[in-house]
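Written out below as structure tokens is the structure these notes cover.
On a predicted model such as this, the values are computed, not experimentally measured, just so you know. Below, read A as the first sequence line, B as the second, and so on, with proteins coming before strands; counting in each chain starts at 1.
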Protein chains: 2
Amino acid sequence: MSEAEVDRLFQAFSDATRRDIVRRVTVGEYSVSGLAALYAMSFAAVQKHVAVLVRASLVTKEKRGREQIVRGNHEGLDKARRLLDEYEAIWRQRAERIADILAEG
Amino acid sequence: MSEAEVDRLFQAFSDATRRDIVRRVTVGEYSVSGLAALYAMSFAAVQKHVAVLVRASLVTKEKRGREQIVRGNHEGLDKARRLLDEYEAIWRQRAERIADILAEG
DNA sequence: GTATTCTACAACCAAATGGTTGTAGATCAG
DNA sequence: CTGATCTACAACCATTTGGTTGTAGAATAC
């Protein structure tokens, strides 16, 4: 996973609206306009948030009739999960090591 | 943990230089100029990156003589760890549920 | 057919980002 | 005291971000 990919991932998560979109589309199916109806902002603004999530490989868009269905991207979400798990593990180790050092003194 | 805090956390992690700074200062001690020497950018630029990490509660700065020592902020890092762990858990659940749904069909 | 709905995309705007240089204050070394 | 070092901060710049409105094309409804 390249540094640029990681950049895009964290950047995509750095907005509450986008985090909410990810939560919703990993459970159910939403069209872009279906999502747009949920937030106090324009359709175009939501469209842009979805585009950011697509670029970060967290969601996919699939055309169905005149609608565009947004779904969680399993592969991307799993990559994200593994990345966060890795970070979590590294920091847990470090926290333990620091605790040990403090215990020595 | 407020949405704004989560925003700042992910935003802080969305830059490779900042992720590297966090890695380093959770292990050892670095002055701001010590960090600045590591990257192909100006001292002021690194100063700004450190400021972003301070705002996100991931590192602290402590004055020692004429230097400013940057260290990992245990509390902030632990909050981040727990947050990522939570996300990781949610997504693992969802991945399992999706797998079940696919298995049914 | 016409009207409506859903989407895409451009243009625009204000604010934030990520970088720069330059100036000035503190601290330390000699 | 003088000079070097470390830091802070302001000013500036280009680009990105997060939002807006408006226009136009495709698909559906009637």
Side-chain angles (χ1 to χ4, degrees), chain A residues 2-25 28-73, chain B residues 2-25 28-73:
Chain A
S2 73
E3 288 296 277
E5 273 184 286
V6 180
D7 283 9
R8 274 192 295 262
L9 241 174
F10 280 119
Q11 202 269 329
F13 281 130
S14 72
D15 181 279
T17 303
R18 285 196 293 264
R19 287 193 300 273
D20 193 63
I21 291 176
V22 170
R23 269 179 232 120
R24 290 176 184 273
V25 303
E29 266 192 12
Y30 286 85
S31 67
V32 179
S33 53
L35 286 171
L38 301 170
Y39 309 105
M41 68 182 73
S42 70
F43 172 82
V46 175
Q47 225 178 359
K48 283 191 185 181
H49 281 306
V50 171
V52 171
L53 293 170
V54 170
R55 255 187 296 138
S57 302
L58 288 170
V59 308
T60 59
K61 280 198 306 187
E62 191 183 338
K63 199 168 182 177
R64 193 172 66 189
R66 71 182 145 186
E67 290 185 329
Q68 198 83 250
I69 305 300
V70 182
R71 291 200 189 83
N73 179 345
Chain B
S2 74
E3 288 296 277
E5 274 183 286
V6 180
D7 284 9
R8 274 191 296 262
L9 241 173
F10 280 119
Q11 202 269 330
F13 282 129
S14 72
D15 181 280
T17 302
R18 284 195 293 264
R19 288 193 299 275
D20 193 62
I21 291 175
V22 170
R23 268 180 233 120
R24 289 176 185 273
V25 302
E29 267 191 11
Y30 285 84
S31 67
V32 179
S33 54
L35 287 171
L38 301 169
Y39 309 105
M41 66 183 74
S42 70
F43 172 82
V46 174
Q47 227 178 358
K48 284 191 185 181
H49 281 305
V50 171
V52 170
L53 293 171
V54 170
R55 257 187 295 140
S57 302
L58 288 170
V59 307
T60 58
K61 280 198 308 187
E62 191 183 337
K63 199 167 181 177
R64 195 172 65 190
R66 72 183 146 184
E67 290 184 329
Q68 198 83 251
I69 304 299
V70 182
R71 291 200 188 84
N73 179 346

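Distances shorter than 4.0 Å separate some side-chain N or O of Ser33(A) from OP1 or OP2 on dT7(C). In this structure, Gln47(A) does not reach the dT7(C) phosphate: none of its side-chain N or O atoms is under 4.0 Å from OP1 or OP2.
Ile69(A) has its CD1 atom 14 Å from the C1' atom of dT5(C), to the nearest Å. Per the geometry, CD belonging to Gln68(A) stands 13 Å off P belonging to dT28(D), to the nearest Å. The interatomic distance linking Asp7(A) (CG) with dT17(D) (P) rounds to 11 Å, in whole Å. What separates CD of Glu67(A) from P of dT7(C) is a distance of 6 Å, to the nearest Å. Per the geometry, CZ belonging to Arg19(A) stands 11 Å off P belonging to dG18(D), to the nearest Å.
By the 4.5 Å heavy-atom criterion applied to side chains, Leu35(B) and Val25(B) are counted as neighbours. Side-chain contact between Val54(A) and Val59(A) is present, with heavy atoms from C-beta onward closer than 4.5 Å.
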Annotated protein contacts, base or backbone, on nucleotides 17-28 of chain C with a non-hydrogen cut-off under 4.0 Å, one of B, S, - each
SSBBB-----BB
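When all heavy atoms of Val32(B) and Val46(B) are compared, the pair lying nearest together is O-CG1, 4.3 Å.
Partners of Glu3(A) according to the salt bridge (charged side-chain N to carboxylate O under 4.0 Å, His left out) rule, which considers only residues two or more places apart in sequence or in another chain, are Arg19(B).
Checking side-chain atoms of Glu67(A) against main-chain N and O of Arg64(A) turns up no donor-acceptor pair under 3.5 Å. Of the possible polar contacts, none joining the Arg55(B) side chain to the Ala12(B) backbone as a donor-acceptor pair under 3.5 Å is found.
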